[in-house]
S.K.: 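Sharing a structure, written as structure tokens. Questions coming.
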Amino acid sequence: MSTPKIQPPQLPKGTRDFYPESMRVQNFIFDTWRRAALRFGYEEYEGPMFEHLELYTGKSGDEIVSQLYDFTDKGDRRIALRPEMTPTLARLVIQKGNSLKKPFKWFSLPRLFRYERAQKGRLREFFQLNLDIIGTDSIFAEADLLAAITSMLFDFGLKAEDFVIGVSSRKLLNTYLQEIGTPDASKVYPILDRRLKIGKESFEMELAAAGLSKEQSEKLDQFMNCKSISDVDAIIQSEASKEALAEIQRLFGTLKAAGYADCVTLDLSVVRGLAYYTGIVFEVFDKGKSMRAIAGGGRYDSLCEKLGGSRVPGVGFGMGDVVLADLLNDHGLLPDPKQILDVYVASFTNDMDQIFKVASIFRAKGFSVSHPLAEAKLGKQMEQANNQGAKWVVYVDGDKAPEGQFEFKNLATGELGTGTPETIAKIISQ
RNA sequence: GUGAGUGUAGCUCAGCUGGUUAGAGUCCCAGAUUGUGAUUCUGGUUGUCGUCGGUUCGAAUCCGAUCACUCACCCCA
């Protein structure tokens with residue numbers, strides 16, 4: 001007899017709903033990102049949310065498949081929901097080939113998907129700001145990106161003491177590894193990445209497993225301990241290493257001139273997991289106790305080549321919305337999620353036609369306007385005005401107002417007045 | 001993939017070592033208030049106590065399994 005109760009629909013693991021309150025916060029992040037990117041002269045682009053699986057496996061090997069959403073479509077094509085934006089960007093660049101004027105600066109706010117276990121700061125669906133500069137080998141491209149990051153974080157209300165950008169160089173690491181005669185550098189990178197996490201003993205053991213002698217391992221440890229450019233300079237020998245270091249020095253010099261010296265530091269422990277980085281790599285850290293990475297990126301001069309195009313140098317970074325929102329929340333920098341409205345149009349007599357008419361007048365003046373959607377007592381209308389965050393109420397049929405004028409009320413102060421739409425508009429705008 | 005913690009109203013949670021009809025606050029709805037909201041007061045709705053099974057005269061409470069969520073590890077584009 002009784003209908004079996006069905007399971008209520010559930011939110012998929014690692015995803016979020018954006019009710020209006022969260023959407024307002026989300027849009028604050030998007031708006032701030034977009035404003036900063038545009039201010040630095042980056043142009044926005046977009047791509048599809050899914051790509052051919054090979055676009056990702058080609059770059060990072062098959063292991064990546066376990067960490068992304070993939071499926072076979074009805075045309076028997078292997079498809080993956082995009083887990084990152086850079087391969088799509090590379091595809092765009094390759095497709096247009098030489099017709100793109102270089103260098104150029106692009107940005108995007110992609111929605112990304114990764115099939116992994118959700119935890120703090122990591123979800124299965126999230127957004128990420130991407131800024132990239134394509135078509136130049138110049139270190140000043142890096143300088144531009146780091147300046148943009150810093151300026152953007154300031155926009156969010158963060159202070160120089162809240163975060164730091166750790167800068168390292170794959171080129172420098174590579175030349176130094178050659179200098180000390182490392183057999184297989186690609187095996188060493190992941191170990192360097194974990195160095196601080198695993199401790200000195202495991203570090204040495206893993207390096208030994210990668211084929212390094214005790215002497216090489218010690219040299220490397222000493223190198224990684226360098227805290228400044230002069231520390232590194234004292235250790236390195238080869239011309240190639242000196243060159244790579246000079247590049248970092250040039251970058252820091254420019255950032256200092258631009259007023260961002262406090263925000264960047266040499267940090268050789270920044271390695272980045274990705275194989276495609278070729279030069280400068282960097283990560284932005286929250287200086288709070290968690291030391292989370294808020295953003296990361298670097299130079300990838302051979303990515304386009306690896307994907308079948310010609311060599312096009314590029315440098316870029318990504319900044320996820322999840323960790324950023326957490327961080328801003330910790331600092332109390334997220335906006336009030338409540339709705340805000342300029343005007344609520346009310347009526348004593350439930351004159352709906354007049355309500356719609358007056359609402360149009362104020363909307364035409366550029367205000368956000370709401371009003372009752374059904375007949376309701378005035379008290380109810382006022383409550384609605386309040387709940388919708390209206391700053392002003394305009395009464396369409398107040399008998400204290402002369403012909404052609406309206407009574408209005410400031411909801412914050414309770415002050416009442418009368419005036420024509422023009423004078424009311426002027427008062428509201430102040 | 002591994003480990004730990006938590007599941008009671010839309011939300012935050014209480015419910016001691018098993019014992020009537022499962023509670024509070026908040027939110028929401030209505031009224032006090034038929035020409036003026038945010039305060040206050042009054043009343044009201046909301047639950048397979050995550051799910052399934054076991055122990056028991058009796059389970060939100062104890063046990064097992066399972067699912068979900070959270071956190072950490074692995075990984076991190």
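Chain identifiers are assigned alphabetically (A, B, ...) following the order of the sequence lines, protein sequences preceding nucleic acid strands; residue numbering begins at 1 within each chain.
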S.K.: Determine whether A:Leu192 and A:Leu220 make a side-chain contact, defined as any pair of heavy atoms from C-beta on separated by less than 4.5 Å.
M.R.: yes
S.K.: Using atom CD of A:Glu206 as one end and atom C1' of B:rC75 as the other, report the distance to the nearest whole Å.
M.R.: 14 Å
S.K.: Would you indicate what A:Arg194 reaches in the nucleic acid, counting non-hydrogen atoms under 4.0 angstrom: base, sugar-phosphate, or nothing?
M.R.: sugar-phosphate
S.K.: For the pair A:Asp221 and A:Lys200, find out whether any cationic side-chain nitrogen is under 4.0 Å from an anionic carboxylate oxygen.
M.R.: yes
S.K.: Taking only the P atom of each, what is the distance from B:rC11 to B:rC28 in whole angstrom?
M.R.: 15 Å
S.K.: Please report the distance separating the P of B:rA30 from the corresponding atom of B:rC49, rounded so that it comes out in whole Å.
M.R.: 30 Å
S.K.: Take the protein atom CZ of A:Arg292 and the nucleotide atom C1' of B:rC76, then report the distance between them rounded to whole Å.
M.R.: 16 Å
S.K.: Considering every strand shown, what is the Watson-Crick or G-U wobble mate of B:rA30 when both distances are under 3.5 Å?
M.R.: B:rU42
S.K.: Kindly give the heavy-atom pair with the smallest separation between A:Asp397 and A:Phe348, and that separation in Å.
M.R.: OD1-N, 2.9 Å
S.K.: Measure the distance from CG on A:Asp193 to C1' on B:rA77 and round it to the nearest whole Å.
M.R.: 12 Å
S.K.: Looking at side-chain heavy atoms only, is the closest gap between A:Arg114 and A:Leu81 below 4.5 Å?
M.R.: no
S.K.: Could you tell me whether A:Phe30 and A:Phe127 have their ring centroids closer than 6.0 angstrom?
M.R.: yes
S.K.: Check for a donor-acceptor pair, side chain of A:Asp17 on one end and backbone N or O of A:Tyr19 on the other, with a separation under 3.5 Å.
M.R.: no
S.K.: Look only at the side chain of A:Lys391 and the backbone of A:Leu411, and say whether a donor-acceptor pair between them is shorter than 3.5 Å.
M.R.: no
S.K.: I need the residues from residues 324-335 of chain A with at least one non-hydrogen atom less than 4.0 Å from RNA chain B; give them sorted by number, or say none.
M.R.: none
S.K.: Judged by each residue's nearest nucleotide on RNA chain B, which is more toward the 5′ side, A:Ile198 or A:Gly296?
M.R.: A:Ile198
S.K.: A:Val281 and side chain to side chain contact (heavy atoms under 4.5 Å, CB included): which partner among A:Asp267, A:Val270, A:Val271, A:Val167?
M.R.: A:Val270
S.K.: Apply the salt bridge (charged side-chain N to carboxylate O under 4.0 Å, His left out) test between A:Arg82 and each candidate in A:Glu46, A:Glu125, A:Glu51; give the one that qualifies.
M.R.: A:Glu46
S.K.: Across all strands shown, which nucleotide pairs with B:rG25 by Watson-Crick or G-U wobble geometry, both distances under 3.5 Å?
M.R.: B:rC11
S.K.: Can you check the distance between B:rC27 and B:rU34, where both ends of the measurement are the P atom (answer in whole Å)?
M.R.: 23 Å
S.K.: Atom OH of A:Tyr56 and atom C1' of B:rA77: how far apart are they, to the nearest Å?
M.R.: 10 Å
S.K.: Got a list of protein N/O to nucleotides 35-37 of chain B N/O distances below 3.5 Å?
M.R.:
unit_1	atom_1	unit_2	atom_2	d
B:rG35	O6	A:Asp399	N	3.4
B:rG35	O6	A:Asp399	OD1	3.0
B:rG35	O6	A:Asp399	OD2	2.2
B:rG35	N1	A:Asp399	N	3.2
B:rG35	N1	A:Asp399	OD1	2.8
B:rG35	N2	A:Glu407	OE1	2.9
B:rG35	N2	A:Glu407	OE2	2.9
B:rU36	O2'	A:Lys409	NZ	3.2
B:rU36	O2	A:Tyr395	OH	2.2
B:rU36	N3	A:Tyr395	OH	3.4
B:rU36	O4	A:Glu407	OE1	2.8
B:rG37	N7	A:Lys409	NZ	3.1
B:rG37	N1	A:Leu411	O	2.4
B:rG37	N2	A:Asn386	OD1	2.9
B:rG37	N2	A:Leu411	O	3.0

S.K.: Mind calculating the distance between CD (A:Glu84) and P (B:rC75) to the nearest angstrom?
M.R.: 18 Å
S.K.: A:Tyr19 OH to B:rC28 P: how many Å, rounded?
M.R.: 15 Å
S.K.: Rounded to whole angstroms, how far apart are CD on A:Gln67 and P on B:rG1?
M.R.: 12 Å
S.K.: If you measure from the Lys or Arg side-chain nitrogens to the Asp or Glu carboxylate oxygens, is any gap between A:Arg24 and A:Asp336 under 4.0 Å?
M.R.: no
S.K.: If you measure from the C1' atom in B:rG5 to the same atom in B:rU39, how many Å do you get, rounded?
M.R.: 42 Å
S.K.: Regarding A:Glu21 and A:Lys338, does a basic nitrogen lie under 4.0 Å from an acidic carboxylate oxygen?
M.R.: no
S.K.: Report all interatomic pairs (protein N or O, nucleotide N or O of nucleotides 67-70 of chain B) with separations under 3.5 Å.
M.R.:
unit_1	atom_1	unit_2	atom_2	d
B:rC69	OP2	A:Lys13	NZ	2.6

S.K.: Given the P atoms of B:rC62 and B:rG18, what is the spacing between them in whole Å?
M.R.: 8 Å
S.K.: What's the gap between B:rG43 and B:rA24 when it is taken at their P atoms, as a whole Å value?
M.R.: 12 Å
S.K.: Whole Å only: how far is the OH atom of A:Tyr276 from the P atom of B:rA77?
M.R.: 8 Å
S.K.: Below 4.0 angstrom, N of the basic side chain to O of the carboxylate: do A:Glu422 and A:Lys365 qualify?
M.R.: yes
S.K.: Sticking with atom P, work out how far B:rC16 lies from B:rA22, rounded to a whole angstrom.
M.R.: 15 Å
S.K.: Is there a Watson-Crick or G-U wobble partner for B:rA4 with both distances under 3.5 Å, and if so, which one is it?
M.R.: B:rU70
S.K.: Give me the distance, rounded to whole Å, that separates B:rG10 from B:rU51 when you measure between the P atoms they each carry.
M.R.: 13 Å
S.K.: Taking the basic N atoms (NZ, or NE/NH1/NH2) and the acidic carboxylate oxygens, is any pair closer than 4.0 Å for A:Arg122 and A:Glu116?
M.R.: yes
